[in-house]
**Student:** 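Dropping a structure here in structure tokens format, bear with me for questions.
Throughout, protein chains are lettered first and strands after them, A, B, ... in sequence-line order, and every chain is numbered starting at 1.
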Number of protein chains: 2
Amino acid sequence: MRSETGNSWQAIRTEVLRRIHARDWPPGSLIPNEADLAAEFGCARTTVSRALREIAATGLIERRRKAGTRVAVAPSRRATFDIPVLRTEIESRGARYGYALISQGLDVPPPAVRAGMAVPEGARLLHLSALHLADGAPHVHEDRWIDPDVAPGILTVDLGRESANAWLVANMPYTDGSLSLFARAADAGLAERLGCVEGAALFCMERLTWIGDRAITHVQLSYAPGHRIATQL
Amino acid sequence: MRSETGNSWQAIRTEVLRRIHARDWPPGSLIPNEADLAAEFGCARTTVSRALREIAATGLIERRRKAGTRVAVAPSRRATFDIPVLRTEIESRGARYGYALISQGLDVPPPAVRAGMAVPEGARLLHLSALHLADGAPHVHEDRWIDPDVAPGILTVDLGRESANAWLVANMPYTDGSLSLFARAADAGLAERLGCVEGAALFCMERLTWIGDRAITHVQLSYAPGHRIATQL
DNA sequence: CAGTGGTCTAGACCACGGT
DNA sequence: CCGTGGTCTAGACCACTGT
């Protein structure tokens, strides 16, 4: 019963996926172990291992030593998004990228930001507000806090010319970060800056990045109404 | 100059990441090839390959045959989200999961849905509206269209008892899908069902799944105000 | 304890793509 | 062309964990 589907790990992945979708191996069932599959496909166990590892990374199967490999019952699948670099995102749509600094100063951050960045109460951080433009139209509003103790060089940069983000990615590679996505209504200031009505539903992204155990920056991006991010499953 | 950081691929990954963050290998630079690194770390080339492949998957380095491996200049990093299974998501917060079917019927879908699912004009699809509850409070509103030609069994299911999603994941494993995230304002109907004010900004997720070249279902999930999804970078 | 996945090795050949 | 990453092999040992 040699299938001889081919001996590349991708071919094996395809065949395994086919069997799962065809319900040869229904949800919850145990699939043959690596050695048996290797024998069936006529390849090395390493190759089967690679194929199954890639499938497991998508959440469709679950693997445990001794217990074997099982088809996930409720496949809580994983999706991968590219975190957009704004300039690239805008230019890839054929639009001209623009950046406009709105304000800049040393302020005491609001409690939510202060807690997220774990800075002492009363500490002052560099606070920026800026717009990213596509063909001159507001595309994203950026509200950013930067700890100047962690990234001292930022104070010497002319942030009207170079975006803080560009400077940071080039000079302060982070070691850890978190990202969250949510929706919020446009307040009066955002509505004016983004050119939308007050109360409009905005898609927002909040990022917090660290170097070791020190927070570098907290940024909230608010997209103009209608923005979506998409991915394949 | 043997580093002897250890010979596991994870140790090598850690060391390579350290060098990138330490700017030993600044953005845009070429790092040594696999063979050289293997010699330096005193391990097989396969092991180095594995470590670099894992890093490349995060977008921090870019690899091309002959050109070698380069530290990404604008690390358009990738983030991975677990697509939540609603029941699991709610129960993992310690809340009781509830499901309430609001309406069900065969309707002609709106143009956007029809185009996304590539069904003929005028075709009727199964249309569901339901709420997912956490401790009895509305958590997510689900608006779903299902093509009964592709998933005929769905018509025999009592959708008041079993959620359409549960039936589909168990009986109609998809081969392809797309997912998009966006924000929208609550209309009157959603506001009433979710118990929020009309116009509230809602975080929404739209999924479209296929078996081969036929669309199974289109679903839009609208979360009650305040919902976020988060991930590590 | 024993079965299973996880990993490492040394070597080989191949595919891509810059020069 | 030929250097580089991509993959495969056969075998080995190890780590975890269910029984």
**Student:** Are a donor atom and an acceptor atom from the side chains of N165(A) and R87(A) found within less than 3.5 Å of each other?
**Tutor:**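 Looking only at side-chain atoms, R87(A) and N165(A) do not form any donor-acceptor pair under 3.5 Å.
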**Student:** Could you check how far CG of D36(B) sits from P of dG3(D), rounded to whole Å?
**Tutor:**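 Distance check: D36(B) CG to dG3(D) P gives 13 Å.
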**Student:** CZ of R64(A) versus P of dA2(C): gap in Å, rounded?
**Tutor:**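 In whole Å, dA2(C) P and R64(A) CZ are 21 Å from each other.
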**Student:** Expressed in angstrom and rounded to an integer, what is the separation of E34(A) atom CD from dA12(D) atom C1'?
**Tutor:**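 Atom-to-atom, E34(A) to dA12(D), this comes out as 15 Å.
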**Student:** How long is the line joining CZ of F41(A) and P of dT9(D), in whole Å?
**Tutor:**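 From F41(A) CZ to dT9(D) P: 12 Å.
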**Student:** Can we say R63(B) and E34(B) salt-bridge, meaning some charged N sits less than 4.0 Å from an Asp/Glu carboxylate O?
**Tutor:**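 Here R63(B) pairs with E34(B) in a salt bridge, since their nearest N and O are under 4.0 Å apart.
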**Student:** Between the side-chain atoms of R45(A) and the base atoms of dT7(C), is any donor-acceptor pair under 3.5 Å?
**Tutor:**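 A donor-acceptor contact between them is present.
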**Student:** List the steps, then state whether ring pair (Phe, Tyr, Trp, His ring centres under 6.0 Å) holds for F182(B) with H227(A).
**Tutor:** CA-CA 6 Å; F182(B) 56 98; H227(A) 187 77; over 10 Å; no
**Student:** Which whole-number value in Å describes the distance from K66(A) NZ to dA2(C) C1'?
**Tutor:**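 So the NZ-C1' distance, K66(A) to dA2(C), works out to 6 Å.
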**Student:** Whole angstroms only, please: what is the CZ-C1' distance between R70(B) and dG17(C)?
**Tutor:**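 It is 14 Å, rounded to the nearest whole Å.
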**Student:** Reading DNA chain C from 5' onward, which residue's closest nucleotide shows up sooner: A44(B) or L52(A)?
**Tutor:**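 The answer here is L52(A).
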**Student:** Under 4.0 Å, heavy atoms only, any strand: does Q10(B) hit a base, just the sugar-phosphate, or nothing?
**Tutor:**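 Touches sugar-phosphate only.
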**Student:** Verify the contact: side-chain N or O of R50(A) to OP1 or OP2 of dT7(D), cut-off strictly under 4.0 Å; return yes or no.
**Tutor:**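 Yes.
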**Student:** For Y223(B) and F203(B), take the angle between the two ring planes, folded into 0 to 90°, and tell me which bin it lands in: parallel under 30, tilted 30 to 60, perpendicular over 60.
**Tutor:**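 Tilted, since the angle between the ring planes falls between 30° and 60°.
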**Student:** When you measure from the side chain of R65(A), which nucleotide among dG5(C), dC8(C), dG11(C) comes out closest?
**Tutor:**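 Output: dG5(C).
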**Student:** When rounded to the nearest 0.5 angstrom, what distance separates CG in L221(B) from CG in L181(B)?
**Tutor:**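 Rounded to the nearest 0.5 Å, the CG-CG separation comes to 10.5 Å.
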**Student:** What is the distance from CZ of R53(A) to C1' of dC8(C), rounded to the nearest Å?
**Tutor:**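 Spelled out: CZ on R53(A) to C1' on dC8(C) is 12 Å.
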**Student:** To the nearest angstrom, how far is W9(A) atom CH2 from dG6(C) atom P?
**Tutor:**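 So the two atoms are 15 Å apart, to the nearest Å.
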**Student:** Taking for each residue the nucleotide of DNA chain D with the nearest heavy atom, is it T47(A) or A67(A) whose nucleotide lies nearer the 5' end?
**Tutor:**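 Per heavy-atom nearest nucleotide, the more 5' residue is T47(A).
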**Student:** Taking only side-chain nitrogens and oxygens of T69(A), does any of them come within less than 4.0 Å of OP1 or OP2 of dG5(C)?
**Tutor:**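 For T69(A), the contact criterion (side-chain N or O under 4.0 Å from OP1 or OP2 of dG5(C)) is met.
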**Student:** Nearest of dA10(C), dT7(C), dT7(D) to any side-chain atom of S49(B)?
**Tutor:**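 In terms of side-chain proximity for S49(B), the closest of dA10(C), dT7(C), dT7(D) is dT7(D).
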**Student:** dG6(C), OP1 or OP2 - any side-chain N/O from R63(A) closer than 4.0 Å?
**Tutor:**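 True: R63(A) side-chain N/O within range (under 4.0 Å) of dG6(C) OP1/OP2.
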